[in-house]
Amino acid sequence: MANISKGEGRDQWGSKLGFIMAAAGSAVGLGNLWKFPYVAGKNGGGAFVMVYFIMLFLVGFTLMLAELVLGRHTKLNAIGAYRKISKKWSWVGGLGIATGFMILSYYSVIGGWVIKYLITAVTGGLNVTDAAVLSEMFGSVVSSTGGSIFFHALFMVATLGIVLGGVGGGIEKASKVMMPALFVIIILLAIRGCTLPGAVEGIKYLLVPDFSKLSMGVVLSALGQVFFSLSLGMGCMITYGSYLPDKENIPQSATIIPLLDTGVALLAGLATLPAVFAFGFEPAGGPGLMFETLPAVFASMPMGMMFSTLFFVLVLFAALSSSISLLEVCVSYVVDEYGLNRKIATWGLGFGVFLVGVPSALSFGIWSEVKILFGMNFFDLFDFLTSNVMLPLGGLLLCIFVGWVWGTDKAIDEASNNGQIAFGLSGFWAFLVKFVGPVAISVVFINSLWGFIAG
Ligand code: PHE
């Protein structure tokens with residue numbers, strides 16, 4: 001249950017494990033299970049994975065620590081945290097909250113597909129091994145107008161139902177049940193994927209880099225994926241950090257969370273890509289990859305119906321443990337800054353997100369030809385703007401803020417609980433935040449955006 005912190009009445013995580021599960025729950029989500037395999041597939045497999053790792057080490061761990069520390073130090077939402085240190089910077093927190101709101105609007109659309117697939121799996125409708133039939137099924141699920149909106153609404157209701165329970169009683173409790181179950185199942189599925197006939201092809205595709213596939217676009221996608229997958233660059237970890245008790249060991253948590261997240265992304269790749277090759281799908285198949293290949297794998301094995309049901313339950317858990325964090329970022333802001341009742345804030349924001357998500361829900365059906373900008377429909381545009389523009393920009397500004405405005409000395413004091421716990425790599429971390437992070441992000445960002453606009 002939630003403890004109330006002294007004096008401030010602010011919610012806190014009930015236990016260390018609870019916090020790790022909630023933060024890993026935020027990180028592990030559709031980004032790992034659905035997006036990572038198909039983005040890797042689209043961007044040349046191993047080459048993408050290699051760049052992903054480089055970005056993870058250069059900016060992933062670094063920013064995870066920076067966000068958690070900033071959150072715990074200020075004990076405020078994303079805007080409040082920046083403002084407490086420098087008024088001029090509060091808009092960066094605002095950018096983050098807007099990003100979270102936008103991500104949730106289309107995230108929930110995919111969450112809706114997952115609910116629909118879960119129902120189909122339970123009722124035996126996924127017992128299909130034919131790739132063509134599965135592709136067609138995916139097409140009809142995502143293009144149905146009423147269905148897409150209905151399941152999008154249902155997913156939002158589930159999300160806000162958990163957030164209404166609060167930090168300890170809702171988010172933490174739910175994550176502590178969902179995450180361990182997810183870890184077990186994804187391991188089982190990866191083992192199954194790797195033991196399929198012809199699996200070697202898929203494993204090679206995922207792990208052996210083909211350098212001819214490298215381009216600035218691949219590097220930006222990998223960078224965007226690091227931010228998206230680790231829930232960084234939008235104040236989510238600032239908000240979760242703000243509920244941390246003072247004694248918590250942040251450097252340790254900031255190591256564990258990215259490791260869990262990356263582990264699950266790789267396992268999801270190992271569960272999916274071998275099956276792609278074994279069943280004759282295209283690795284660059286796009287957003288349908290998870291929905292089309294895994295059912296084929298399950299249908300071809302004993303107790304397939306049970307496995308496919310279990311799988312979609314777990315995808316739903318992963319999606320929910322992330323969507324609640326996206327909503328919490330917005331709720332936390334409204335509750336902190338306007339003193340609004342948590343219930344009203346949650347319902348109001350949840351409804352707003354639902355409305356903004358409707359055009360994304362229609363982007364695979366009646367509005368698929370409505371191109372907003374750069375020839376993209378709503379869904380693609382929201383995804384591109386948030387993952388490849390707003391999150392990296394938020395991350396860049398965070399580096400500059402923590403490295404140069406707040407200052408790494410003060411951040412290190414907070415990270416080490418004022419010298420009470422060891423933070424061996426503090427000097428190296430300071431170097432990464434001040435120099436490597438800003439330079440790496442700007443170079444990738446400017447280059448690829450330039451390429452995008454010019455090309
Ligand atoms: N990290 C989540 C995922 O991988 C998505 C997310 C992004 C959640 C940003 C919170 C903030 O699915």
Side-chain angles (χ1 to χ4, degrees), residues 29-31 33-35 38 42 100-128 130-161 281-282 285-296 308-309 311-313 315-316 318-320 322-324 326-327 330 347-387:
L30 294 169
L33 302 174
W34 162 76
K35 207 171 182 191
Y38 98 74
K42 241 185 170 151
F101 191 95
M102 284 173 69
I103 294 179
L104 184 54
S105 76
Y106 72 84
Y107 203 83
S108 166
V109 172
I110 314 159
W113 301 346
V114 175
I115 299 182
K116 168 75 186 165
Y117 265 76
L118 176 58
I119 295 172
T120 315
V122 174
T123 51
L126 275 190
N127 227 334
V128 182
D130 185 337
V133 177
L134 284 165
S135 294
E136 201 175 305
M137 185 189 293
F138 180 70
S140 81
V141 167
V142 302
S143 64
S144 122
T145 303
S148 298
I149 295 179
F150 174 77
F151 288 108
H152 162 49
L154 207 58
F155 185 82
M156 275 315 296
V157 169
T159 301
L160 63 89
F281 289 94
E282 261 302 304
L289 203 56
M290 177 183 91
F291 295 94
E292 294 167 11
T293 50
L294 287 174
S308 59
T309 305
F311 173 71
F312 282 106
V313 168
V315 181
L316 185 61
L320 278 172
S322 299
S323 62
I324 55 182
L326 288 158
L327 187 57
C330 307
W347 275 104
L349 286 162
F351 187 64
V353 169
F354 165 73
L355 288 183
V356 173
V358 167
S360 292
L362 300 178
S363 289
F364 297 84
I366 53 172
W367 284 9
S368 62
E369 289 313 309
V370 181
K371 309 282 191 225
I372 306 303
L373 212 62
F374 314 125
M376 295 186 202
N377 61 29
F378 275 98
F379 183 98
D380 293 336
L381 186 68
F382 269 49
D383 183 19
F384 175 81
L385 278 182
T386 52
S387 307

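Because the structure is a prediction, the values reported are computed rather than measured. Hydrogens, waters and symmetry mates play no part in the numbers below; they use all other heavy atoms, side chains included.
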Engineer: With sequence neighbours left out, write down each residue that passes side-chain hydrogen bond (donor to acceptor under 3.5 Å, both in side chains) with Ser322, or none if nothing qualifies.
Structural biologist: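 Only Tyr107 meet the side-chain hydrogen bond (donor to acceptor under 3.5 Å, both in side chains) criterion with Ser322.
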Engineer: Just so I know, are the side chains of Phe382 and Val356 near enough to count as touching, which here means a heavy-atom distance under 4.5 Å?
Structural biologist: yes
Engineer: Of the non-hydrogen atoms in Leu104 and Ser323, which two are nearest, and what is the gap between them?
Structural biologist: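 For Leu104 and Ser323, the tightest heavy-atom pair comes out as CD1-CB, 3.6 Å.
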Engineer: Using the ring of each side chain (for Trp, its six-membered ring), is Tyr117 parallel, tilted or perpendicular to Phe312, with breaks at 30° and 60°?
Structural biologist: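 Rings of Tyr117 and Phe312: tilted, 30 to 60°.
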Engineer: Suppose the criterion is side chain to side chain donor-acceptor pair (under 3.5 Å): which pairs have a residue in residues 348-361, not counting sequence neighbours?
Structural biologist: none
Engineer: For residues Tyr38 and Trp34, establish whether the separation of their ring centroids is below 6.0 Å.
Structural biologist: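 Distance test on ring centres: under 6.0 Å, yes.
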Engineer: Side-chain contact test, heavy atoms from C-beta onward, threshold under 4.5 Å: evaluate it for Leu30 versus Val114 and give yes or no.
Structural biologist: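 In short, these two side chains touch, coming nearer than 4.5 Å.
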Engineer: What distance do Phe364 atom CZ and Leu362 atom CG have between them, rounded to the nearest 0.5 Å?
Structural biologist: 11.0 Å
Engineer: Does any non-hydrogen side-chain atom of Lys116 lie less than 4.5 Å from one of Phe291?
Structural biologist: no
Engineer: Which heavy atom of Ser135 sits nearest a heavy atom of Glu292, and at what distance?
Structural biologist: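 What the structure gives for the nearest pair is OG-OE1, 3.3 Å.
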Engineer: Using a 4.5 Å cut-off on heavy atoms from C-beta on, say whether the side chain of Met137 contacts that of Leu126.
Structural biologist: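 SC-SC contact between Leu126 and Met137 confirmed.
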Engineer: I want to check something: taking the side chain as every heavy atom from C-beta on, are Phe155 and Leu316 in contact at a cut-off of under 4.5 Å?
Structural biologist: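 Contact flag for Phe155/Leu316 side chains = yes.
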Engineer: Are the ring centres of Trp113 and Phe138 closer than 6.0 Å?
Structural biologist: yes
Engineer: Is the shortest side-chain heavy-atom distance between Trp367 and Val358 below 4.5 Å?
Structural biologist: no
Engineer: So, for His152 and Val109, which heavy atoms are closest and what is the spacing to 0.1 Å?
Structural biologist: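 Heavy atoms only, the tightest pair is ND1-N, 3.8 Å.
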Engineer: Return the minimal non-hydrogen interatomic distance between Met156 and Ser108, and the atom names on each side.
Structural biologist: CG-OG, 3.4 Å
Engineer: Got a sec, which residues hit side-chain hydrogen bond (donor to acceptor under 3.5 Å, both in side chains) with Tyr106, two or more places apart in sequence or on another chain?
Structural biologist: Asp383, Thr386
Engineer: Between Leu381 and Lys371, is any pair of side-chain heavy atoms under 4.5 Å apart?
Structural biologist: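 Not touching, per the 4.5 Å side-chain cut-off.
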Engineer: To the closest 0.5 Å, what do you measure between CG (Leu326) and CZ (Phe101)?
Structural biologist: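 Leu326 atom CG to Phe101 atom CZ measures 11.5 Å (nearest 0.5 Å).
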Engineer: List the atom of Ser148, the atom of Ser144, and the distance in Å for their closest heavy-atom pair.
Structural biologist: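 Looking at all heavy atoms of both residues, the shortest contact is OG-O, 2.7 Å.
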Engineer: For a quick check under 3.5 Å, do Ser387 and Lys35 share a side-chain donor-acceptor pair by atom type?
Structural biologist: yes
